[in-house]
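Below, all heavy atoms of this structure are taken into account, side chains as well, without hydrogens, waters or symmetry copies. Chain identifiers are assigned alphabetically (A, B, ...) following the order of the sequence lines, protein sequences preceding nucleic acid strands; residue numbering begins at 1 within each chain.
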Amino acid sequence: MHWADVIAKDIADSCEKPLIATGISPTGIIHVGSLREAITGESVRSAVEGLGKEVRLIYLIDSFDPLRKRYDFLPAEFEKYVGMPISRIPCPCGKHRNYAHHFVQPFLDAVDSLGVQCEIIWTHELYEEGKFAEAADLAMKKRDQVIKIMTEVTGKAENPEYAPYNPICSSCGRFAKPVFDTYEFPYMEYSCTCGNHGKADVRKAEGKLTWRLEWPAKWKIFGTSAEPFGKDHAAAGGSYDTGKRIVDEIYGGKAPYPIPYEFVQLKGVGQMHKSLGCPVTGLDAINMTPPEVLNYLFLRVNPSRAIDYDSGLGTLDIADEYDRMERLYFAGEWTEAEDNSVRAYVIAQHNHVPVGLPHQIPYRHLVNVAQMAPGFEGVVEVLERTEDLSDMTEGDRKRLARRVDCVRYWLNGFAPDAVKFSVCGTVPPGIELSMNEKVFLKSLSVKMYDCNWDADSIGSTIADTAKESPLGLKGGYGAMYRIFIGKKAGPRLGTFLASMDKNFVINRIVQASG
RNA sequence: GGGCCUGUAGCUCAGCUAGGUAGAGCAUCUGACUUUUAAUCAGGUGGUCAAGGGUUCGAAUCCCUUCAGGCCCGCCA
C-alpha cells in the first residue's frame with residue numbers, strides 16, 4: 001500500500017472529522033523542502049477524502065515569528081527590524097503588505113497551482129484575535145511544570161528563566177524579557193533592552209508563545225489530528241516530544257498523528273537553509289517543474305526517505321516517468337514494482353484524475369521544440385508538423401502551455417549546456433569543414449531547392465544525400481549541426497529545419513559549402 | 001553524548017504490518033522502422049538485497065550485532 005494510504009487509513013480510523021495541519025515560517029526565502037510539507041499534507045488530505053471522510057487541511061503561516069537576524073539577502077537598513085515580528089516589518093520590495101507577505105505570497109501562489117486545497121491561517125491574526133490567550137495564561141500559571149517537562153524531555157539543565165511567552169515592547173516593537181513573578185492574567189510585565197518597562201496583554205498581539213509552547217497550543221486550538229513536520233522536530237527531545245507532553249499536561253489536549261519527513265537536498269549541493277539564499281528556491285522548483293510532476297516527485301518516495309532534488313537532467317527523467325505512469329494507469333496494466341508509482345500518480349491528482357489519457361507530448365521532445373520556436377503558438381506549430389493535435393482538449397492545451405513555460409524556465413537557468421542550442425546567425429566562426437563535407441553540403445543545397453518544406457521531405461533529402469556521400473548519415477548530420485548550431489549533435493533535423501525559413505536554411509548550406 | 005533515517009542492478013527507486021524461486025524505469029548493448037544522433041518499438045546484459053549471527057521448512061522482508069552514509073537534538077522543513 002502507498003504510504004499516503006497507510007497514513008490516511010490510520011487517521012480515518014481514529015478521527016471522526018480529521019483536520020490536517022501544516023505550515024511554514026516565512027522568515028526568509030522559501031526552498032524546495034517547504035514544498036514537501038505542503039504536498040505531503042495535501043496528499044494525506046486527499047487520501048483521507050478518498051476514504052469518504054470529511055477532512056480539512058489548514059495551512060498555518062507563522063507570520064508572528066521574529067526576524068532572527070539580518071540575512072545577507074536583506075538590505076542593510078533591515079538591521080533595525082531584527083527581533084520584531086515579521087508581520088510588522090515592512091516589505092523588502094515595497095509591493096507586499098509586510099515582510100511575511102513578501103516571502104510567503106509567491107509560495108502561496110505556488111501551493112495553489114499545485115492544487116493544494118487548504119485554508120490559509122495567519123498566526124499574527126490568531127494572536128490579534130486572542131486565540132492564544134488561554135494557552136499563554138496556562139503556560140504562565142504552570143510555568144514550573146513547563147520547565148520540568150522541558151528539562152525532562154530535552155535532558156538539558158533546568159533553566160529557571162525559561163519564558164513560555166515573550167512580550168513585545170510597546171516602545172521599540174521587539175520581543176522583550178518577561179517578569180514572571182508579577183504575572184496576573186491578562187497582564188505580563190516586561191523590561192526591554194531599550195529601557196522601556198511595560199505590561200503586555202496576552203489576549204492581544206502584544207506577545208508570543210515560544211515555539212515549543214506555541215505548536216502544542218495550535219494543536220489544542222484547532223484540534224489537529226495529523227501534521228507533517230520535518231525531522232528536526234521529530235528528533236528525540238525535539239519539539240514534537242515536548243509538545244506532546246505540553247498539550248496533554250498543560251493545555252489538556254491531544255497531540256496529532258505525526259508525519260515526520262526527511263529533508264530535501266539539492267543534488268550535488270547539499271542541504272538548503274532558509275536563512276542563506278539557495279541556488280534553487282521553492283519558486284524555482286515550481287517554475288521549472290509542472291505542478292502535477294512536482295506532486296508526483298514527493299509522492300513516489302516515502303516521507304522517511306531523503307530526496308536529492310535534481311534541477312538538472314533529473315527534472316526531465318521525473319517528468320517522463322510521470323507520463324509513463326499516467327499511460328500505465330489508463331492502460332490499466334502494470335507490474336508489481338510499478339504499483340507504488342502508479343498509485344503516487346493517482347494521489348498526485350488530489351482526487352481529480354483526468355477522465356481519459358491526456359494528450360502527451362514527450363517532455364524531452366518539448367525541450368527541443370521550445371528552443372526551435374518562440375511563444376506557445378510557435379511550439380504548437382512545430383508540433384503540428386509531425387503530429388495531429390486536433391484531439392487536444394482545453395485541459396491538454398493548458399497543461400502543454402504550462403509545460404512549455406516550465407521547460408523555458410529550466411532552459412534559462414538550470415539546464416546543462418548539452419541540451420541547449422540556438423541557431424547561429426551565420427556559420428559559426430571556427431568551424432572547419434573537410435572537403436567531403438563541403439561537397440556533401442553543396443549537393444544538398446541543390447536538392448533542397450526542390451524539396452518540399454516539411455519535416456519528412458527534409459529528413460529524407462538529407463538522409464539520401466548523406467548516404468551518397470562518403471560521410472554517411474552520421475557524418476552528414478554532424479556537419480549540419482555544426483553549421484547551424486555549432487554543436488556535434490542536436491534535435492532531429494527534419495522537424496528542426498522545417499521550423500525555419502527555407503531560404504535561410506539553403507543560404508546557410510550554400511554559405512558553408514563555399 | 002543521545003536519537004532518527006537510509007544502505008536492493010551503473011543511476012533513481014519498488015518490494016519490508018500479508019516471510020514462499022530478486023523487480024521497474026533510466027543508462028548501456030543488440031536489432032527493427034528502406035532518416036543509426038536528442039520524439040518510436042522489440043529484445044538482451046546487469047544484483048552473493050551493506051556485513052555477520054539468530055528465529056524458520058523457507059528471510060531483502062522478523063530479532064540482535066557490526067560497518068557505512070545522511071541528518072536532527074530549547075532558530076531552521
Looking at B/C26, B/G15, B/A38, which one has an atom nearest to any side-chain atom of A/N340?
B/G15
Which nucleotide in the list B/U34, B/C71, B/A38 gets nearest to the side chain of A/F263?
B/C71
Under 3.5 Å for both distances, Watson-Crick or G-U wobble, that's the pair rule; now give the dot-bracket for RNA chain B, with | marking pairs to another strand and [ ] for crossing ones.
((((((((.[[[[.)....(..]]]].(((((.......))))).....[[[[[..)....]]]]])))))))....
With B for base contact, S for sugar-phosphate-only contact and - for none (protein heavy atoms under 4.0 Å), nucleotides 40-48 of chain B reads ---------
Classify A/A337 by what it touches in the nucleic acid, base, sugar-phosphate, or nothing, heavy-atom distance under 4.0 Å.
base
Which part of the nucleic acid, if any, lies within contact of A/R36, taking any heavy atom under 4.0 Å across all strands shown: a base, the sugar-phosphate backbone alone, or nothing?
nothing
Which heavy atom of A/L209 sits nearest to which heavy atom of A/A217, and what is that distance?
CD1-CB, 3.8 Å
Pick the closest RNA chain B nucleotide for A/S304 and for A/N159 by heavy atoms, then say which residue is nearer the 5' end.
A/S304
Roughly how many Å is it from CG in A/D456 to P in B/U35, rounded to a whole number?
10 Å
Heavy atoms under 4.0 Å, any strand shown: does A/G478 hit a base, just sugar-phosphate, or nothing?
base
Is the number of heavy atoms from other residues, nucleotides or ligands under 6.0 Å of A/Y329 OH greater than 12?
no
In whole angstroms, how far is the P atom of B/C4 from the NZ atom of A/K231?
12 Å
Under 4.0 Å between any heavy atoms, over every strand shown, what does A/S239 touch: base, sugar-phosphate, or nothing? Just pick one.
nothing
What's A/N302 touching, base or sugar-phosphate or nothing? Going by heavy atoms closer than 4.0 Å.
sugar-phosphate
Does A/E249 come within less than 4.0 Å of A/K148, counting only side-chain N to carboxylate O?
no
Around atom NZ of A/K9, are there more than 12 heavy atoms from other residues, nucleotides or ligands closer than 6.0 Å?
no
Could you tell me whether A/R212 contacts a base, only the sugar-phosphate backbone, or nothing, with contacts defined as non-hydrogen atoms closer than 4.0 Å?
sugar-phosphate
Cation-pi check for A/F180 against A/R143: NZ or CZ below 6.0 Å from the six-membered ring centre and within 45 degrees of the axis, yes or no?
yes
Whole-Å distance between B/U12 C1' and A/R324 CZ?
12 Å
What is the separation between atom CE on A/M372 and atom P on B/A39, rounded to the nearest whole Å?
9 Å
Using side-chain heavy atoms (C-beta onward) and a distance below 4.5 Å, is A/I20 in contact with A/I11?
yes
Taking only the side-chain nitrogens and oxygens of A/W3, find out if one of them lies under 4.0 Å from OP1 or OP2 of B/A14.
no
Are more than 12 heavy atoms from other residues, nucleotides or ligands located less than 6.0 Å from atom NZ of A/K487?
yes
If you look at every strand shown and take non-hydrogen atoms under 4.0 Å, does A/W334 touch a base, only sugar-phosphate, or nothing?
nothing
The answer to which of A/G238 and A/E262 contacts RNA chain B further toward the 5' end, by nearest nucleotide, is A/E262
Report yes if a side-chain nitrogen or oxygen of A/R305 is closer than 4.0 Å to either non-bridging phosphate oxygen (OP1 or OP2) of B/G7; otherwise report no.
yes
Which part of the nucleic acid, if any, lies within contact of A/D232, taking any heavy atom under 4.0 Å across all strands shown: a base, the sugar-phosphate backbone alone, or nothing?
sugar-phosphate
CG of A/L313 versus P of B/A27: gap in Å, rounded?
10 Å
Crowded around A/K80 NZ? As in, over 12 foreign heavy atoms under 6.0 Å?
yes
Taking any heavy-atom pair under 4.0 Å as a contact, classify A/A466: base, sugar-phosphate, or nothing.
nothing
Could you pull out the closest heavy-atom pair between A/Y99 and A/I86, with the gap in Å?
CB-O, 3.3 Å
With sugar-phosphate meaning primed atoms plus P, OP1 and OP2, does A/A234 contact a base, only sugar-phosphate, or nothing at under 4.0 Å between heavy atoms?
nothing
Please report, rounded to the nearest Å, how far the P atom of B/U35 is from the CG atom of A/L473.
9 Å
Quick one: do A/K218 and A/E227 make a salt bridge, cutoff under 4.0 Å?
no
